There are 2 protein chains.
Amino acid sequence: MNPKLWQRNTQQRQVILEELRKLTSHPTAAKLCEIVRRRLPNISLGTVYRNLELLSQLGVIQKLEGGGEARFDGNAAQHAHIRCLACGCVADVLVNRPEKYPLPKCECGGFEVIGHRWEFFGLCNRCRQKRNIRKRYLERSHKNA
Amino acid sequence: MNPKLWQRNTQQRQVILEELRKLTSHPTAAKLCEIVRRRLPNISLGTVYRNLELLSQLGVIQKLEGGGEARFDGNAAQHAHIRCLACGCVADVLVNRPEKYPLPKCECGGFEVIGHRWEFFGLCNRCRQKRNIRKRYLERSHKNA
DNA sequence: TTGCTTGCAAAGGGTTTGCATAGGA
DNA sequence: TCCTATGCAAACCCTTTGCAAGCAA
């Protein structure tokens with residue numbers, strides 16, 4: 001990244017980026033603020049929002065919107081994500097043979113296409129287990145009834 | 001769609017769905033409420049939100065999140081969308097040779113994949129023209145300065 | 001010294017929710 | 001009649017913003 005793209009290289013901005021890049025959990029702004037506060041106890045949520053917005057505008061990080069709260073990814077490289085419909089958590093998706101999936105030729109009714117995003121949605125491991133436990137419980141109560 | 005999936009087939013619900021299906025503009029909840037009020041002047045925004053949420057849960061319509069306000073599409077069939085980064089408007093995308101782009105095999109770290117969404121972003125015709133007008137204006141002022 | 005950035009807190013704005021009433025089955 | 005859905009308005013919650021003070025360059 002080019003440090004000249006912003007005016008001041010503040011400690012807050014550095015720590016926010018460093019901590020985000022350590023994570024693979026695609027945290028929300030609030031969660032990242034909590035983590036950054038271990039190093040900078042006085043940082044405010046507003047500052048975290050301002051910097052995450054700036055960094056994502058610069059293309060240094062990715063902002064993942066949709067499905068509730070925004071989440072952030074310290075890896076700016078183009079890659080797909082999957083979001084859990086139950087708890088909202090986000091994980092990276094490794095597409096097999098991605099060379100088979102170039103940006104398709106498309107008709108976009110006068111739009112100038114700048115980018116694209118491929119998002120999956122489903123149920124994460126933990127939520128699927130919860131659902132199965134619930135199902136088994138309901139089946140059992142039904143039999144006993 | 002199966003009317004039994006809900007409990008009451010109210011006039012509000014019918015009109016919301018009818019009006020949404022007439023549109024290709026992917027309206028926001030507020031915009032659709034405005035349109036529905038031509039036929040049901042007393043309908044409340046809360047009712048519109050409740051029904052749009054219900055219908056999208058049932059898979060009768062699509063809810064398009066990300067990039068600000070949610071927008072809704074009366075066409076529930078799987079298809080790609082493009083959103084204008086400047087004004088937020090949404091249009092359908094016609095992917096050429098979609099058979100070349102089946103759901104890819106992927107590793108999703110324990111997720112159960114339920115669906116996917118392919119979203120493009122860019123600038124719509126109108127915003128692009130505005131931008132060009134602005135650019136020409138700035139160039140001209142620069143020359144004159 | 002300059003003026004961008006921060007912390008704080010309040011405002012904003014889309015969406016959800018509680019409650020009494022209306023109305024579909 | 002029964003119980004879901006509505007209208008209204010307040011509450012919610014994530015995010016943005018105004019302002020005085022702080023601090024990088």
Side-chain angles (χ1 to χ4, degrees), chain A residues 2-20 26-34 36-58 60-72 83 85 87-90, chain B residues 1-20 26-34 36-58 60-72 83 87-90:
Chain A
N2 186 344
K4 293 198 176 172
L5 288 171
W6 50 66
Q7 306 274 346
R8 298 270 190 283
N9 192 16
T10 62
Q11 202 183 15
Q12 287 88 339
R13 193 165 288 160
Q14 286 175 44
V15 175
I16 287 168
L17 184 55
E18 281 175 28
E19 292 300 322
L20 179 58
H26 309 80
T28 62
K31 182 66 188 172
L32 185 59
C33 183
E34 197 181 293
V36 168
R37 279 193 174 141
R38 295 176 196 157
R39 291 173 60 187
L40 304 173
N42 294 318
I43 198 171
S44 73
L45 186 53
T47 296
V48 174
Y49 269 108
R50 269 187 288 233
N51 279 293
L52 288 173
E53 189 58 36
L54 175 68
L55 292 169
S56 88
Q57 291 288 332
L58 294 174
V60 175
I61 65 171
Q62 283 188 66
K63 183 177 182 180
L64 309 173
E65 292 178 284
E69 285 170 278
R71 285 166 172 269
F72 297 86
R83 187 185 281 258
L85 291 172
C87 73
C89 74
V90 171
Chain B
M1 80 194 152
N2 186 346
K4 293 197 175 173
L5 289 171
W6 51 65
Q7 305 275 344
R8 300 267 191 283
N9 192 17
T10 62
Q11 203 183 12
Q12 287 88 337
R13 192 164 290 161
Q14 286 174 46
V15 175
I16 287 169
L17 184 55
E18 279 175 30
E19 293 299 324
L20 180 58
H26 309 79
T28 61
K31 183 66 187 172
L32 185 59
C33 183
E34 196 182 292
V36 168
R37 279 192 174 142
R38 294 177 196 157
R39 292 173 61 186
L40 305 173
N42 295 319
I43 197 171
S44 72
L45 185 53
T47 297
V48 174
Y49 269 108
R50 270 187 287 234
N51 279 292
L52 288 173
E53 188 58 38
L54 175 67
L55 292 168
S56 88
Q57 290 288 331
L58 294 174
V60 175
I61 65 172
Q62 284 188 65
K63 184 177 183 180
L64 309 173
E65 293 177 284
E69 285 172 279
R71 285 166 172 269
F72 297 86
R83 186 184 282 256
C87 72
C89 74
V90 171

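The chains referred to below are lettered A, B, ... by the order of the sequence lines, with proteins before strands, and numbering in each begins at 1. This one's a predicted model, so the numbers in the text were calculated from it and none came from an experiment.
Each salt bridge (Lys or Arg N to Asp or Glu O under 4.0 Å) pair with one or both residues in residues 40-50 of chain A, not counting sequence neighbours, would appear here, but there are none.
As a whole-Å value, the separation of A:E65 CD from D:dC14 C1' is 12 Å. Rounded to an integer number of Å, the gap from CG of B:N42 to C1' of D:dA9 is 16 Å. The CD-C1' distance, from A:Q14 to D:dA24, rounds to 11 Å in whole Å. In this structure, CG of A:L32 is placed 15 Å from C1' of D:dC14, rounded to the nearest angstrom.
By the 4.5 Å heavy-atom criterion applied to side chains, A:F72 and A:L20 are counted as neighbours.
To the nearest 0.5 Å, atoms CG (A:L64) and OG (A:S56) are separated by 9.5 Å. Atom CD1 of B:I61 is separated from atom CG of B:L52 by 4.5 Å, given to the nearest 0.5 angstrom.
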Does the protein touch nucleotides 15-25 of chain C at the base, only the backbone, or not at all? Give it as B, S and - per nucleotide, heavy atoms under 4.0 Å.
SBBB----BBS
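Applying the side chain to side chain contact (heavy atoms under 4.5 Å, CB included) test to B:T28 and every residue at least two apart in sequence or in another chain returns B:A30, B:K31, B:E69, B:R71. For A:E53, the side-chain hydrogen bond (donor to acceptor under 3.5 Å, both in side chains) partners are A:Q57, A:K63, not counting sequence neighbours.
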Please tabulate, for the side chains in residues 36-46 of chain B, all donor-acceptor contacts under 3.5 angstrom to protein atoms that are two or more places apart in sequence or on a different chain.
| unit_1 | atom_1 | unit_2 | atom_2 | d |
| --- | --- | --- | --- | --- |
| B:R37 | NE | B:I43 | O | 2.9 |
| B:R37 | NH2 | B:I43 | O | 2.9 |
| B:R39 | NH1 | B:E18 | OE1 | 3.1 |
| B:R39 | NH1 | B:E19 | OE2 | 2.7 |
| B:R39 | NH2 | B:E18 | OE1 | 3.1 |
| B:S44 | OG | B:T47 | N | 3.3 |
| B:S44 | OG | B:T47 | OG1 | 3.1 |

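Listed here is the closest heavy atom pair of B:E65 and A:G67: OE1-N, 3.3 Å.
Fit an axis to the five pairs at each end of the helix from C:dT1-D:dA25 to C:dA25-D:dT1 and the two axes sit 40° apart, to the nearest 10 degrees.
Distances shown here put every side-chain N or O of A:Q12 at or beyond 4.0 Å from the OP1 or OP2 atom of D:dG22. Taking 4.0 angstrom as the limit, A:N51 places a side-chain polar atom (N or O) nearer than this to OP1 or OP2 of C:dT6.
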